[in-house]
Colleague: 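Below you'll find the structure I mean.
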2 protein chains.
Amino acid sequence: MAHPTIYDVAAAAGVATSTVSRAFSTPTRVSARTREHVLAVAAELGYRPNPHARALFSGRHHTVAMVVSDITNPHYFELIRGAELRAKASEYTLVLVNAEESPRIEYDQIQRLVSSVDGFVLAASRLPDENLEQIAAQRPVVLMNRELGGIPSVVLDHVQGCRQIVEHLVSLGHRHLVYLAGPRNSWMASTRWSALRTAAESLGIAAERVGPFMPKVSQGGAAADGALTTRATAIVAHNDLLAIGVVQRLAQRGVRVPDDVSVVGFDDIFASDLCTPRLTTLGGAHVEVGRAAVEILLDMATPNGRTRTPPRVVLPTELVLRGSTGTARET
Amino acid sequence: MAHPTIYDVAAAAGVATSTVSRAFSTPTRVSARTREHVLAVAAELGYRPNPHARALFSGRHHTVAMVVSDITNPHYFELIRGAELRAKASEYTLVLVNAEESPRIEYDQIQRLVSSVDGFVLAASRLPDENLEQIAAQRPVVLMNRELGGIPSVVLDHVQGCRQIVEHLVSLGHRHLVYLAGPRNSWMASTRWSALRTAAESLGIAAERVGPFMPKVSQGGAAADGALTTRATAIVAHNDLLAIGVVQRLAQRGVRVPDDVSVVGFDDIFASDLCTPRLTTLGGAHVEVGRAAVEILLDMATPNGRTRTPPRVVLPTELVLRGSTGTARET
DNA sequence: GTGAAAGCGCTAACAG
DNA sequence: CTGTTAGCGCTTTCAC
């Protein structure tokens, strides 16, 4: 038999369909003997419960969707890993969606999935607040690396992290930094800039911003050139991808890193440990962000779970000191 | 109304449920006027067809699963991108599963999903042939970077690629290479080794193999040390991750690349262009592999589609020459 | 061209 | 503890 159903099992086992159903879903409510008999028959027939039929009734799909603003960025990879890991641990299925940096695609994809998943984790969503609120009203939503009142979120502590970056630069004698900004609709970009500026201010050094730039290696050229129009001795790039592009362009222009200028990135992607010079960058437990986000989501999907978990998780960052930062050149 | 159904739409539009259904699924079989009316009402109510109810009846889920042997490897990332891209283009949902290099996990995950997806693309599957055949008997399956008679597959042309590698090395004066093998259950590993050996033989140079090694940077140490026990002047590592680890270890031991020994990797991952020296590696259109695999799968799921597409796609590789290979040292 | 009704596979009352 | 039965939302004969 191709795909046996509970009817087939029930017939073969000489019981009612509900008994078969119970043997699988609420095993305690069947006598041990019948249960074992049913399970044995089911196994013999190769029966597998049909999750769709189950979902149709229960409204629960055992599936969560993860939406990533740009799957091209290796950074998200870690988030995906963490999310996949956690979902699997609870036997949940993880659906992956790439928004290609387009709010419209992001929104459409989410709407398409709204009735087939139990909830969404959105990584660095580019959607405007209103859209997020509207989606959160339909389904449980957890944000990763973005915050919005009322919606649970998991973020790395970039305020603290940016302060560490600035302290690090100040201790090396830098008095002027420039932030190469990420996309305009990136919450992360504004968060980082405001944290950087605050820290710079309180430590008495100058900070300015140029950009926005798409956070890709290929944009590093324009970003580096932008940075060189300032008098900054330290460049803080929106992420490692951009930072790597900046370092490449700087080398091309004969500007030495870190002798002439220091460069700092964000995310601590795999490649930042491999390039030359190795990149100083603000890392953190990204896998853990993915893990935590899915965990919160699963909790929200559980009855009474909504209150158990703190809705706003802030994970510590970690400033990874490598070769791209050094003492400030004389000005 | 939270989740309007066709009943709600039918009631509001003053038609039968079947008419609403037809308006969505077989628009030609409703008069233009009623169709537009129904669609208008549906839109107003915010009606969205429930894919599970649809799947329950049709058996088609508009979903494909991609199983990856180890999501940790950035190489798969490209495959995932391609697959995601192609699935989205047909409004299919892509479910992502990580097998963590464990055949058992891989098998269990697949069985879990068998009744909820329309098919599987398996990237570098570690499953034994029998399992693959059994799964392919249940659902459409497309293999990526693995071949098995009767099951459609998309692979890069590693036979040709390995020959290019060997020719490249021979032209640099190398007379002895060592292959640092990947996992024992990796089809890729045996394919590469046999292609390498054949090419070496026909070009009259020595080839030997050490390993197997897990293809991770961390294994590069052991792999490099293994390679140094041979008299080879060229190292061909199972993939870039391993190659990067090897290069690091070599540097540690004071062995210069490429002056003392040349190193070649596979996959052309992002990082291989960033490390020092930059890695010579056998790349190819990995995104295209992912794309093609999903395309074949979707074709198989379409009636009459099974015959339309060639079941075995071989895409060209591309030897990317960078700094890690050079003329052989005198022996 | 449209409606009525059965059924996809499963679960949850409700009886017994 | 177990059987009967009515749907979950949708598609599809079969009538009209």
Side-chain angles (χ1 to χ4, degrees), chain A residues 1-42 45-63 112-118 138 303, chain B residues 1-42 45-63 112-118 138 303:
Chain A
M1 188 163 344
H3 284 280
T5 71
I6 47 171
Y7 289 94
D8 303 315
V9 177
V15 298
T17 58
S18 49
T19 303
V20 178
S21 173
R22 280 189 280 255
F24 281 91
S25 347
T26 49
T28 56
R29 302 187 41 179
V30 210
S31 78
R33 277 185 48 234
T34 25
R35 171 169 12 106
E36 274 162 37
H37 176 222
V38 166
L39 295 181
V41 172
L45 261 50
Y47 165 77
R48 309 192 138 273
N50 179 329
H52 292 289
R54 203 172 264 193
L56 184 56
F57 186 91
S58 66
R60 318 211 52 252
H61 310 81
H62 249 70
T63 301
R112 203 173 72 75
L113 289 171
V114 131
S115 53
S116 24
V117 303
D118 295 323
Q138 302 180 64
Chain B
M1 186 162 347
H3 284 279
T5 71
I6 47 171
Y7 289 94
D8 303 316
V9 178
V15 298
T17 58
S18 47
T19 303
V20 178
S21 173
R22 281 190 278 254
F24 281 91
S25 344
T26 49
T28 57
R29 303 186 40 178
V30 210
S31 78
R33 278 186 47 233
T34 28
R35 171 166 16 104
E36 273 161 38
H37 177 222
V38 166
L39 293 181
V41 172
L45 262 51
Y47 165 77
R48 308 192 139 273
N50 179 329
H52 291 289
R54 201 171 266 194
L56 185 55
F57 186 91
S58 67
R60 317 213 50 252
H61 311 81
H62 249 70
T63 301
R112 203 174 73 73
L113 289 171
V114 132
S115 53
S116 26
V117 304
D118 295 324
Q138 301 180 65

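Chain letters run A, B, ... following the sequence lines, proteins first, then strands; residues in each count from 1.
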Colleague: Does any non-hydrogen side-chain atom of B:Pro49 lie less than 4.5 Å from one of B:Arg54?
Modeller: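 SC-SC contact between B:Arg54 and B:Pro49 confirmed.
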
Colleague: Check whether any side-chain nitrogen or oxygen of A:Tyr47 sits under 4.0 Å from OP1 or OP2 of C:dC10, and answer yes or no.
Modeller: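 Yes.
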
Colleague: D:dT5, C:dA5, C:dC10: which one has an atom nearest the side-chain heavy atoms of A:Pro49?
Modeller: C:dC10

Colleague: B:Thr34 has a side chain; which of C:dT2, D:dT12, C:dG9 sits nearest to it?
Modeller: C:dT2

Colleague: Side-chain N or O of A:Ser21 versus OP1/OP2 of C:dT11: is the shortest distance under 4.0 Å?
Modeller: yes

Colleague: Is the distance from OP1 or OP2 of C:dG9 to the nearest side-chain N or O of A:Thr5 less than 4.0 Å?
Modeller: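 So the side chain of A:Thr5 is outside the cut-off, no N or O lying under 4.0 Å from OP1 or OP2 of C:dG9.
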
Colleague: Expressed as a whole number of angstroms, how long is the span from A:Tyr7:OH to C:dA6:P?
Modeller: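 That distance rounds to 14 Å.
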
Colleague: Using the side-chain heavy atoms of B:Ser18, tell me which of these nucleotides is nearest: C:dG9, C:dG3, D:dT2.
Modeller: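 Side chain of B:Ser18 sits closest to C:dG3.
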
Colleague: For B:His61 and C:dG9, give me the distance from atom NE2 to atom P, rounded to whole Å.
Modeller: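 B:His61 atom NE2 is separated from C:dG9 atom P by 11 Å.
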
Colleague: Provide, to the nearest angstrom, the distance between the CD1 atom belonging to B:Ile6 and the C1' atom belonging to C:dG3.
Modeller: 13 Å

Colleague: Under 4.0 Å between any heavy atoms, over every strand shown, what does A:Phe24 touch: base, sugar-phosphate, or nothing? Just pick one.
Modeller: nothing

Colleague: Could you give the distance from CG (A:Leu56) to CG (B:Asn50), rounded to the nearest 0.5 Å?
Modeller: 6.0 Å

Colleague: Nearest heavy atom decides the nucleotide; on that basis, is B:Arg22 or B:Ala53 closer to the 5' end of DNA chain D?
Modeller: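 Its nucleotide being nearer the 5' end, the pick is B:Ala53.
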
Colleague: Counting just side-chain N and O atoms, does B:Ser31 come under 4.0 Å of either OP1 or OP2 of C:dT2?
Modeller: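 Affirmative; the distance criterion is met.
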
Colleague: Atom CZ of B:Arg48 and atom CZ of B:Phe24: how far apart are they, to the nearest 0.5 Å?
Modeller: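 B:Arg48 atom CZ to B:Phe24 atom CZ measures 9.5 Å (nearest 0.5 Å).
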
Colleague: Report the distance from atom NE2 of A:His52 to atom C1' of C:dG7, rounded to the nearest whole Å.
Modeller: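 Answer to the nearest Å: 18 Å.
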
Colleague: It should be established whether B:Ser58 places a side-chain nitrogen or oxygen under 4.0 Å from OP1 or OP2 of nucleotide D:dT11.
Modeller: no

Colleague: Quick one: which of C:dA4, C:dC10, D:dT11 gets closest to the side chain of A:Asn50?
Modeller: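 Given the options C:dA4, C:dC10, D:dT11, the side chain of A:Asn50 is closest to C:dC10.
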
Colleague: To the nearest 0.5 Å, tell me how far B:Thr17 OG1 sits from B:Arg22 CZ.
Modeller: 8.5 Å

Colleague: Using a heavy-atom cut-off of 4.0 Å across all strands, would you classify B:Val15 as base, sugar-phosphate, or nothing?
Modeller: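 If one applies the 4.0 Å heavy-atom cut-off, B:Val15 turns out to touch the sugar-phosphate alone, with no base involved.
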
Colleague: List the steps and the verdict of side chain to side chain contact (heavy atoms under 4.5 Å, CB included) for B:Asp118 and B:His61.
Modeller: CA-CA 6 Å; B:Asp118 295 324; B:His61 311 81; 3.0 Å; yes

Colleague: In whole angstrom, what separates A:Leu56's CG from C:dC10's P?
Modeller: 11 Å

Colleague: Without decimals, in angstroms, what is the distance between B:Arg60 CZ and D:dT11 P?
Modeller: 13 Å

Colleague: In whole angstroms, how far is the P atom of D:dT2 from the CD atom of A:Glu36?
Modeller: 12 Å

Colleague: Determine the contact category for B:Thr19: base if any of its heavy atoms lies under 4.0 Å from a base atom, sugar-phosphate if only primed atoms, P, OP1 or OP2 are that close, otherwise nothing.
Modeller: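 Sugar-phosphate contact only - B:Thr19 comes under 4.0 Å of backbone atoms but never of a base.
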
Colleague: Please check the phosphate of C:dG1 (OP1 and OP2 only) for any side-chain N or O of B:Arg29 closer than 4.0 Å.
Modeller: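 So the side-chain polar atoms of B:Arg29 never come under 4.0 Å of the phosphate oxygens OP1 or OP2 of C:dG1.
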
Colleague: Quick one: pull up CG in B:Leu45 and CD1 in B:Ile6 and give me the separation to the nearest 0.5 Å.
Modeller: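 Atom-to-atom, B:Leu45:CG and B:Ile6:CD1 are 13.0 Å apart.
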
Colleague: Between A:Ala16 and B:Phe57, name the one whose nearest nucleotide on DNA chain D is closer to the 5' end.
Modeller: A:Ala16

Colleague: Expressed in angstrom and rounded to an integer, what is the separation of B:Arg54 atom CZ from D:dC8 atom C1'?
Modeller: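 Rounding to the nearest Å, CZ of B:Arg54 and C1' of D:dC8 are 16 Å apart.
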
